[in-house]
2 protein chains.
Amino acid sequence: MDSNPDTRPYHHGNLRRVLIDAALALVTEKQDWAFSLREVARRAGVSHNAPYNHFPQKQDMLAAVAAAGFERLRDRMRAATAHVEPATDALLACGRAYIAFALENPALYRLMFGPALASAMGPRPTSARTAGAEAKAVLADIILRGGRAGTFAVSASDQQGQRMAVFFSWSAIHGVTMLLLDGFMESNFTADDLVKGLERTLLKGLTPR
Amino acid sequence: MDSNPDTRPYHHGNLRRVLIDAALALVTEKQDWAFSLREVARRAGVSHNAPYNHFPQKQDMLAAVAAAGFERLRDRMRAATAHVEPATDALLACGRAYIAFALENPALYRLMFGPALASAMGPRPTSARTAGAEAKAVLADIILRGGRAGTFAVSASDQQGQRMAVFFSWSAIHGVTMLLLDGFMESNFTADDLVKGLERTLLKGLTPR
DNA sequence: ACCTGAACACCGTTCAAGT
DNA sequence: ACCTGAACACCGTTCAAGT
């Protein structure tokens with residue numbers, strides 16, 4: 001907001017948030033998640049060392065941006081599926097919203113599943129992983145709902161079965177999304193083909209026989 | 001081989017291959033695909049500019065390494081599925097070999113689906129994409145075989161249906177693999193759970209009802 | 001045709017210093 | 001507690017020069 005060095009206070013106040021937003025804007029504009037810390041600092045109007053007061057390493061900033069991406073994705077999934085019944089419809093709507101988000105923000109989506117997670121495979125849960133788990137929870141809600149209503153073949157008492165259903169549903173959506181972004185989907189597929197395939201993949205393992 | 005500057009010929013002969021192998025070794029050793037061009041050159045015992053005679057940009061070297069990775073994956077898939085009958089067994093064996101490869105070479109697998117493809121989404125097919133298509137073809141072979149034998153519900157005449165089946169099968173395997181590498185799979189899943197889930201995901205959409 | 005060495009602009013990170 | 005500026009080692013890329 002206040003980028004004039006004469007009026008800008010020495011202590012920024014909420015630099016952390018400003019830096020994350022600047023990074024998000026950079027990723028979106030250049031469609032490349034490989035931004036430099038210095039460029040983000042320039043965007044935010046601070047010295048190239050100011051970020052180190054909020055992120056010990058560049059990797060931590062990447063993780064924060066990835067977390068912001070997961071939060072946006074989670075909100076999209078929630079908005080697309082709230083109060084949608086039956087659960088089969090909710091699951092498909094969730095998948096469509098998920099893919100739409102990735103197609104609108106391909107570089108951000110790659111960042112979310114890329115460097116931030118790759119180097120954070122240690123025991124401590126990074127912010128990115130926590131935010132990812134929240135997006136996953138939206139999917140879990142839908143599947144549990146469907147299980148309770150008898151729409152899906154997952155019993156409310158079989159917790160391991162529930163976890164498996166959630167994981168493999170997410171896998172299916174994530175796999176389609178990634179191969180789509182990577183250009184491995186035949187270009188003559190129509191949007192209808194995609195929805196039909198998603199339906200097949202997502203529901204076939206869940207619906208009672 | 002001949003790293004002694006006195007006996008090594010001025011013209012290397014097969015520097016391109018040597019560079020790719022050095023990069024592969026670096027990725028494997030450091031478990032990080034973000035190697036530097038200069039480090040690869042040092043490994044190969046040449047000046048930091050020698051690679052530019054074989055790769056116009058660093059990105060092209062990344063693509064070449066990714067292509068080498070896809071070739072290895074393709075060979076693994078072939079070895080695990082050649083002469084395996086029926087097609088259901090071949091498909092599951094393929095999925096298991098695929099995941100095993102990714103777990104043994106996580107950094108390489110990330111590279112294959114990461115920066116090399118991300119920046120090469122233009123019209124011209126990069127070496128990485130071509131090699132990826134070859135790995136995909138192994139999957140396609142299995143599914144076509146199963147279709148002809150009546151094991152899978154894909155008719156030999158419905159080419160679009162075949163392509164969809166291949167794409168969504170690959171998506172399922174890729175999605176499971178990626179979320180696994182990213183640590184989004186519950187740690188209490190056993191190998192049996194994984195195989196069971198794979199079976200469900202891969203076969204439910206393909207087997208005749 | 002293939003490789004080298006100097007040079008350039010840029011980067012992540014550290015450190016002492018300012019407010 | 002938060003930010004700045006100088007400094008260091010490193011990087012991708014270019015260019016003129018060697019063989």
Side-chain angles (χ1 to χ4, degrees), chain A residues 1-23 26-27 29-30 32-66 111 114-116 118-120 126, chain B residues 1-23 26-27 29-30 32-66 111 114-116 118-120 126:
Chain A
M1 299 288 126
D2 191 357
S3 59
N4 183 338
D6 292 335
T7 55
R8 172 165 41 84
Y10 189 85
H11 287 78
H12 199 289
N14 59 340
L15 181 55
R16 188 190 152 88
R17 185 69 244 171
V18 171
L19 287 170
I20 294 176
D21 288 341
L26 265 175
V27 170
E29 281 171 33
K30 311 215 306 182
D32 185 1
W33 54 260
F35 57 78
S36 78
L37 217 158
R38 286 166 109 110
E39 194 173 3
V40 174
R42 277 193 294 270
R43 280 267 180 143
V46 292
S47 89
H48 65 271
N49 282 329
Y52 282 91
N53 288 293
H54 303 271
F55 307 100
Q57 310 248 43
K58 184 193 177 183
Q59 183 191 120
D60 298 292
M61 186 160 139
L62 279 166
V65 176
L111 168 58
S119 39
T126 49
Chain B
M1 299 286 125
D2 190 356
S3 60
N4 182 339
D6 293 335
T7 55
R8 171 167 42 85
Y10 189 84
H11 286 78
H12 198 288
N14 60 341
L15 180 56
R16 187 190 154 86
R17 186 69 246 170
V18 172
L19 287 169
I20 293 175
D21 287 342
L26 265 175
V27 170
E29 281 171 33
K30 311 215 307 181
D32 185 1
W33 54 261
F35 55 80
S36 78
L37 217 158
R38 286 166 108 110
E39 194 173 4
V40 173
R42 278 193 294 271
R43 279 267 180 143
V46 292
S47 88
H48 66 271
N49 283 328
Y52 282 92
N53 289 294
H54 303 272
F55 307 100
Q57 309 249 42
K58 185 193 177 184
Q59 182 190 120
D60 299 292
M61 186 160 139
L62 279 166
V65 176
L111 169 58
S119 41
T126 48

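This is a predicted model, so every value here is computed, not measured. Residue numbers start from 1 in every chain, and the chains themselves are labelled A, B, ... in the order their sequence lines are given, proteins ahead of strands.
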Just verifying a value: how many Å separate A:I20 CD1 and A:L15 CG, rounded to the nearest 0.5 Å? 10.0 Å

Roughly, in whole Å, what's the span from CG in A:N53 to P in D:dA1? 11 Å

Tell me the interatomic distance from A:L15, atom CG, to D:dT4, atom C1', rounded to whole angstroms. 13 Å

Starting from P on C:dC2, measure out to CZ on B:F55 and report it in whole angstrom. 13 Å

Convert the base pairs of DNA chain C into dot-bracket notation, remembering that pairs crossing earlier ones are written with [ ] and that bases paired across to another strand are shown as |; include only Watson-Crick or G-U pairs under 3.5 Å. ||.|||||...|||||.||

Applying side chain to side chain donor-acceptor pair (under 3.5 Å), can you list everything that pairs with B:R17, at least two apart in sequence or on another chain? B:D21

What distance do B:L26 atom CG and B:E39 atom CD have between them, rounded to the nearest 0.5 Å? 4.5 Å

Using a 4.0 Å heavy-atom cut-off, write out nucleotides 10-15 of chain D from 5' to 3' as B (base contacted by protein), S (sugar-phosphate only) or - (no contact). -BBBBB

Over all heavy atoms of both residues, which pair between A:V40 and A:F35 is shortest? Give the atoms and the distance, please. CG2-CD1, 3.5 Å

Review item, side-chain donor-acceptor pairs of residues 46-56 of chain B, under 3.5 Å, at least two apart:
residue, atom, partner, partner atom, Å
B:S47, OG, B:N49, N, 3.2
B:S47, OG, B:A50, N, 3.4
B:N53, ND2, B:A50, O, 3.3

Qualifying salt bridge (Lys or Arg N to Asp or Glu O under 4.0 Å) pairs, either residue in residues 42-58 of chain B, two or more places apart: B:E29-B:R43

For residues B:L19 and B:R16, determine if any side-chain heavy atom of one lies less than 4.5 Å from a side-chain heavy atom of the other. no

